[in-house]
Amino acid sequence: MLRLWACLLLLGSIQIQAVPFYGDGYDTEFVPLEHQQQPQGRQETAATVPAQTPNGVEQKPFNVDTITTDVNSPNPAIFFQQSFPFFGNEFFNSFGGFGFGAAQEPWWKGPNVCTEKEEDETVATETEAEETVDTFGQERDGVTNVVRSPLFGQFQFSVNSCAEKPNKHVCTKIVNQNGKKKTLTLTRQCCYGYGRPRNADFTTPCEKIDIKDVEATASDMGAKQFLESARTAGELADMLGAGSGKKVTLFVPNDAAFMEYRGHHQQENNVEDAKAEASKPSIYKLHAVLGEVQLEDVPNEKLLQTELPDQKIRINSYQLPAALGLEPYRFAANCVPIEKHDKLSEQALVHTLGGVLKPLTKNLMDIIRERADMSIMRTVLEKTNLSAMLEDDKPVTIFVPTDAAFDKLEPHLRRALKEGRGCASNILKNHLLDLTFCSLATVPGAKTTAYNLLGEPLLLNRTHRAANQTGPTPIYINNLAKIIDADIMGTNGVLHVIDTILPTESALPMTSLMSQKNLTIFQRLLEASGYDDQFDDLDNVTIFAPTDKALQNTEWARMLKEQPELLNHNLDLLEFLNYHVVKPMIKTCDLSEKSLPTVAGSSVRLNLYSTHALFSDVMNRATVNCARLVHFDDESCGSVLHQVDRALTPPKNNMLKLLEANPNYSKFLELVRKANLTQLLSNDSRSLTLLVPKNDVFEELNESGEGSKPADPMALVKTHIVEDVVCCAGIIPTNWPFVRSIESISGQHLRITRDRRPKIENAGVTKCDVVATNGILHEINDIIVPRPQRQQQQRPQLIPPGAGYQPQGDFDVFF
């Protein structure tokens with residue numbers, strides 16, 4: 001019983017840190033530090049620690065979510081420790097101990113640990129009243145508290161939601177009582193002069209460390225040149241607080257980076273004395289921050305005020321997959337890689353950089369305005385009002401295409417972007433992240449996913465370094481755009497220059513989307529007509545575009561090939577094109593059986609059918625004027641594109657006029673007149689299906705002696721009229737007991753099925769879907785002879801719903 005209780009308690013109370021899960025192929029994604037390890041009370045993402053195979057080989061990384069655009073957590077280094085001192089051996093050490101005998105003491109209960117307590121009292125909200133969260137690990141009742149019981153020597157179970165860092169352990173107790181919220185914080189850390197190895201076991205105690213002079217410390221870290229230069233320039237003392245005794249943190253460029261900086265400035269400015277150029281006070285003070293800044297304590301996007309007035313350092317942190325064998329986190333200062341960090345010296349805490357920090361005085365929009373190769377992007381940003389976002393103080397990353405990248409676009413998309421029309425802002429948002437994404441977040445051999453302002457993923461992949469390659473390896477986005485200039489820092493984020501625009505389907509102009517979906521004939525007709533820009537400017541519309549196969553034998557396709565000049569501003573062609581456009585935008589999940597007015601003025605008729613023998617009430621096939629939707633729901637800038645398997649032509653005649661216009665239907669027309677049903681077939685408010693035998697059917701019956709004039713012409717004609725639109729696309733093969741039928745206006749139930757062709761009772765359909773203003777006409781090869789009513793009642797009938805039917809579920813699931 002105790003074991004069961006402990007398991008339930010474990011499931012109910014453990015909060016799991018977002019540790020990456022890895023599988024084969026190094027197809028990994030990264031999460032910023034604060035998104036991987038979040039504070040107590042925030043919903044966590046379940047994850048799995050890299051598993052060991054039977055032979056002891058760690059599994060490779062696999063598909064880890066992701067750098068997100070969520071608001072960054074203020075506590076990036078928090079994780080939740082689960083302690084199971086149960087078996088007293090090395091088993092499950094990743095959970096903090098699991099063994100027989102006495103529980104192992106964590107380092108923060110050992111020697112050389114200093115403790116600091118803080119207490120804060122505020123007014124509690126109503127939801128917080130009478131709530132207690134105790135993470136101090138005291139022995140008292142409650143879900144988050146310690147439970148002890150003698151079992152196999154000793155059983156101890158504890159859940160501590162505490163911030164665990166190499167040299168610091170922080171626990172919090174929150175008590176809400178009588179409308180007051182009291183927060184108690186207990187911090188245990190290694191005392192000054194003591195420390196622990198970065199990846200030490202949780203039992204490794206604080207040990208004395210060797211603390212040297214700051215210059216000797218920097219020299220040991222490979223960064224002595226910068227401090228020597230600062231001392232020569234007389235600035236080192238000011239950087240270290242001028243003997244004030246205040247704690248200082250130095251971000252010191254390594255020797256290679258500083259020498260490269262000197263050489264670059266000597267060449268760029270033609271300065272003979274490179275040391276004099278590099279000895280500007282601003283360069284040194286820009287790398288010094290008052291206070292002891294340990295990177296594990298710094299939240300992502302934190303701005304640190306430097307000793308240079310009005311200059312700040314932006315700190316960013318990114319978690320890397322453990323299977324890559326690298327440091328668990330990468331840190332950046334203004335997107336300059338922090339290579340070594342948190343080294344204590346006598347005068348300062350030292351971090352080394354892979355580059356030299358530069359003063360930041362311009363925001364991202366200012367940088368874009370000053371670049372001659374970004375003039376188009378500047379114009380588009382200003383026209384779409386996204387420039388304001390790049391002038392704000394919130395962190396932003398923008399991937400900026402050059403003017404040459406715009407020239408590579410197809411004309412319709414280029415026009416939409418340059419004019420800032422339609423969904424140009426969506427295309428720009430595809431290039432924006434609401435966080436600072438430095439290039440060091442990408443690692444060769446791993447993939448990084450970042451979500452843009454549209455919520456769509458951008459896949460970044462850094463290539464492996466070639467044997468003879470120097471400099472950084474290229475980074476590609478969505479295997480399409482290459483970053484040609486990375487990590488251009490502004491006061492409010494970072495800019496990366498790319499050579500190709502990143503398109504997104506939801507923001508493409510309609511003509512561009514048609515081209516992408518291989519609807520080339522319809523798109524070329526739009527362009528040949530000269531109305532393509534007009535179509536691109538449509539909003540909140542549905543377009544039923546015929547496939548190339550549906551159009552290839554039409555007169556319009558012939559003219560496009562042989563006489564394209566006749567199509568320019570051709571009003572008949574414009575009417576044809578507009579007849580494929582309806583308002584408003586309707587996705588398949590919102591389709592229902594009804595008539596919709598087109599932009600051309602006349603209407604199209606939507607019908608829904610089921611192709612499931614058993615689930616006949618689940619509508620999973622749609623037609624428009626009996627043309628079947630074969631591909632659907634491609635969104636384009638506030639509109640939607642569906643593909644149909646035939647061209648749509650506005651009907652000119654009603655049923656009666658169709659009969660009168662075709663001499664092959666004269667005998668059936670004669671029966672209609674004798675039955676006084678001409679008014680029914682000429683009524684445009686009806687929606688009918690008319691089944692018409694050709695004259696030769698009647699002639700064959702006369703020759704066989706079976707064709708004497710029917711005694712009741714009205715009954716015969718009514719048997720061939722259905723008060724519903726039944727397109728051939730809605731007739732599917734069926735067998736007993738899943739037979740289907742339609743009901744004629746005479747009350748007869750007519751079985752429908754399909755073998756080589758659609759079949760209605762004894763008659764095969766020889767010509768489908770002749771569209772009239774009040775329904776459709778099918779030509780059949782026999783006179784329908786209904787089955788006796790008695791036989792019909794012996795079979796279950798599945799009658800499809802009539803007009804006005806609304807779909808009962810997710811329509812597009814069954815397409």
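Quick note: residue numbers are just sequence positions, from 1. Since we're looking at a predicted model, the values are computed, not measured.
The shortest side-chain heavy-atom distance between Phe632 and Lys587 does not fall under the 4.5 Å cut-off. Two residues are said to be in side-chain contact when any heavy atoms from C-beta on lie closer than 4.5 Å; Lys418 and Thr379 fail this criterion. When side chains are defined from C-beta on, Leu680 does not count as touching Asn683, because their heavy atoms never get closer than 4.5 Å. At a threshold of 4.5 Å between non-hydrogen side-chain atoms, the residues Trp556 and Ile521 do not count as touching. Put simply, the side chain of Leu428 does not reach to within 4.5 Å of the side chain of Leu453, judged on heavy atoms. Val396 places none of its side-chain heavy atoms less than 4.5 Å from the side chain of Leu433. Proximity of Leu596 to Ile586: side-chain heavy atoms (C-beta onward) are separated by under 4.5 Å at one or more points. Looking at heavy atoms from C-beta onward, Asp434 lies out of side-chain contact with Tyr451 at the 4.5 angstrom threshold.
Distance check: Leu690 CG to Leu777 CG gives 5.0 Å after rounding to the nearest 0.5 Å. In this structure, the separation between OG1 on Thr773 and CG on Asn654 is 4.5 Å, given to the nearest 0.5 Å. Rounding to the nearest 0.5 angstrom, the gap separating the OH atom in Tyr665 from the CG atom in Leu659 is 8.0 Å. Once rounded to the nearest 0.5 Å, the distance linking CD1 of Ile721 with CD of Glu743 reads 13.5 Å. Atom OG of Ser639 is separated from atom NZ of Lys583 by 8.5 Å, given to the nearest 0.5 angstrom. Here the CD1 atom belonging to Ile776 is positioned 4.0 Å from the SG atom belonging to Cys727, to the nearest 0.5 angstrom.
For the residue pair Thr588 and Asp633, a side-chain donor N or O sits within less than 3.5 Å of a side-chain acceptor on the partner. Remark: the Asp684 side chain and the Asn774 side chain contain no N/O donor-acceptor pair separated by less than 3.5 Å.
Here the shortest heavy-atom pairing between Thr719 and Ser744 reads O-CB, 3.5 Å. Taking every heavy atom of both residues into account, Ile760 and Leu691 meet most closely at CD1-CD2, 3.4 Å. Among all heavy-atom pairs drawn from Leu641 and Leu519, the shortest one is CD2-CD1, 3.7 Å. Between Cys768 and Pro758, the shortest heavy-atom distance links the atoms SG-CG, 4.1 Å. Minimum interatomic distance between Asn570 and Asp572 (heavy atoms only, all atoms of both residues): OD1-N, 2.9 Å. Ile398 approaches Met377 most closely through the heavy-atom pair CD1-CE, 4.0 Å.
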Check your understanding: Checking side chain to side chain donor-acceptor pair (under 3.5 Å) for the pair Tyr579/Asn625: CA distance, chi angles, key distance, verdict?
Key -> CA-CA 11 Å; Tyr579 189 65; Asn625 280 10; 2.8 Å; yes
Review point. Checking side-chain contact (heavy atoms from CB on, under 4.5 Å) for the pair Ile732/Arg754: CA distance, chi angles, key distance, verdict?
Key: CA-CA 5 Å; Ile732 63 169; Arg754 178 190 290 266; 5.7 Å; no
Exercise for review: Carefully, step by step, assess Val582 and Val624 under the rule side-chain contact (heavy atoms from CB on, under 4.5 Å).
Suggested key: CA-CA 11 Å; Val582 302; Val624 51; over 6 Å; no
**Study point:** Derivation and outcome, side chain to side chain donor-acceptor pair (under 3.5 Å), residues Ser387 and Glu382
**Key:** CA-CA 5 Å; Ser387 56; Glu382 291 173 344; 5.7 Å; no
Exercise for review: May I have the step-by-step check of salt bridge (charged side-chain N to carboxylate O under 4.0 Å, His left out) for Glu660 and Arg673, ending in yes or no?
Suggested key: CA-CA 11 Å; Glu660 293 173 342; Arg673 287 171 174 162; 3.3 Å; yes
Exercise for review: I would like to know whether Ser666 and Asn695 meet side chain to side chain donor-acceptor pair (under 3.5 Å); could you show each step before the answer?
Suggested key: CA-CA 7 Å; Ser666 60; Asn695 290 347; 2.9 Å; yes
Exercise for review: Starting from the C-alpha separation in whole Å, work towards a yes-or-no answer on side-chain contact (heavy atoms from CB on, under 4.5 Å) for Leu459 and Ile477.
Suggested key: CA-CA 6 Å; Leu459 182 64; Ile477 307 174; over 6 Å; no
Review point. Given the rule in the side chain to side chain donor-acceptor pair (under 3.5 Å) test, do Lys657 and Ser682 qualify, once you have shown the distances and angles that lead to the verdict?
Key: CA-CA 8 Å; Lys657 290 182 178 180; Ser682 62; over 6 Å; no
**Study point:** CA sep, side-chain torsions, deciding dist, call: His720, Ile783, side-chain contact (heavy atoms from CB on, under 4.5 Å)
**Key:** CA-CA 8 Å; His720 290 73; Ile783 296 174; 3.9 Å; yes
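Between the Asn540 side chain and the Met585 main chain, a donor and an acceptor come within less than 3.5 Å of each other. Under a 3.5 Å cut-off, the side chain of Asp403 and the backbone N or O of Ser375 do form a donor-acceptor pair. In this structure, the side chain of Asp645 engages the main chain of Arg628 through a donor-acceptor pair within 3.5 Å. When atom types are taken as modelled, the side chain of Thr504 and the backbone of Ile427 share no donor-acceptor pair closer than 3.5 angstrom. For Asn762 (side chain) and Ile784 (main-chain N/O), no donor-acceptor pair under 3.5 Å exists by modelled atom type. Side-chain atoms of Asn662 never come within 3.5 Å of backbone atoms of Leu658 as a donor-acceptor pair (strictly under, hydrogens ignored). In this structure, the side chain of Ser746 does not engage the main chain of Ala715 through any donor-acceptor pair within 3.5 Å. A donor-acceptor pair under 3.5 Å is formed between the side chain of Asp536 and the backbone N or O of Thr511. Listed for the Thr623 side chain is no donor-acceptor partner under 3.5 Å among the backbone atoms of Ala627. Panel note: side chain Thr598, backbone Ser603; no donor-acceptor pair is recorded below 3.5 Å.
Judged as a side chain to side chain donor-acceptor pair (under 3.5 Å), the pairs with a partner in residues 519-529 (not counting sequence neighbours) are, in order, Thr520-Asp548, Gln523-Glu527.
Pairing of Cys728 with Cys626 by a disulfide is not supported, the SG atoms lying 2.5 Å or further apart.
A salt bridge does not link Lys429 with Glu456: every distance from a Lys NZ or Arg NE/NH1/NH2 to an Asp or Glu carboxylate oxygen is 4.0 Å or more. A salt bridge is defined here as a Lys NZ or Arg NE, NH1 or NH2 lying under 4.0 Å from an Asp or Glu carboxylate O, and Arg415 with Asp537 meets this definition. The pair Arg605-Glu593 fails the salt-bridge criterion, with no side-chain N (NZ, NE, NH1 or NH2) lying under 4.0 Å from an Asp/Glu carboxylate O. By the 4.0 Å N-to-carboxylate-O rule, Asp769 lies close enough to Arg646 to be salt-bridged with it.
Between Tyr531 and His569, the ring planes lie perpendicular to each other; the angle is over 60°, past the 30° to 60° tilted range.
Aromatic pair His580/Phe544: centroids not less than 6.0 angstrom apart.
By the 6.0 Å contact criterion, CD on Gln679 is open, its count of non-hydrogen atoms from other residues, nucleotides or ligands being 12 or less. Around atom NZ of Lys408, more than 12 heavy atoms belonging to other residues, nucleotides or ligands sit under 6.0 Å away.
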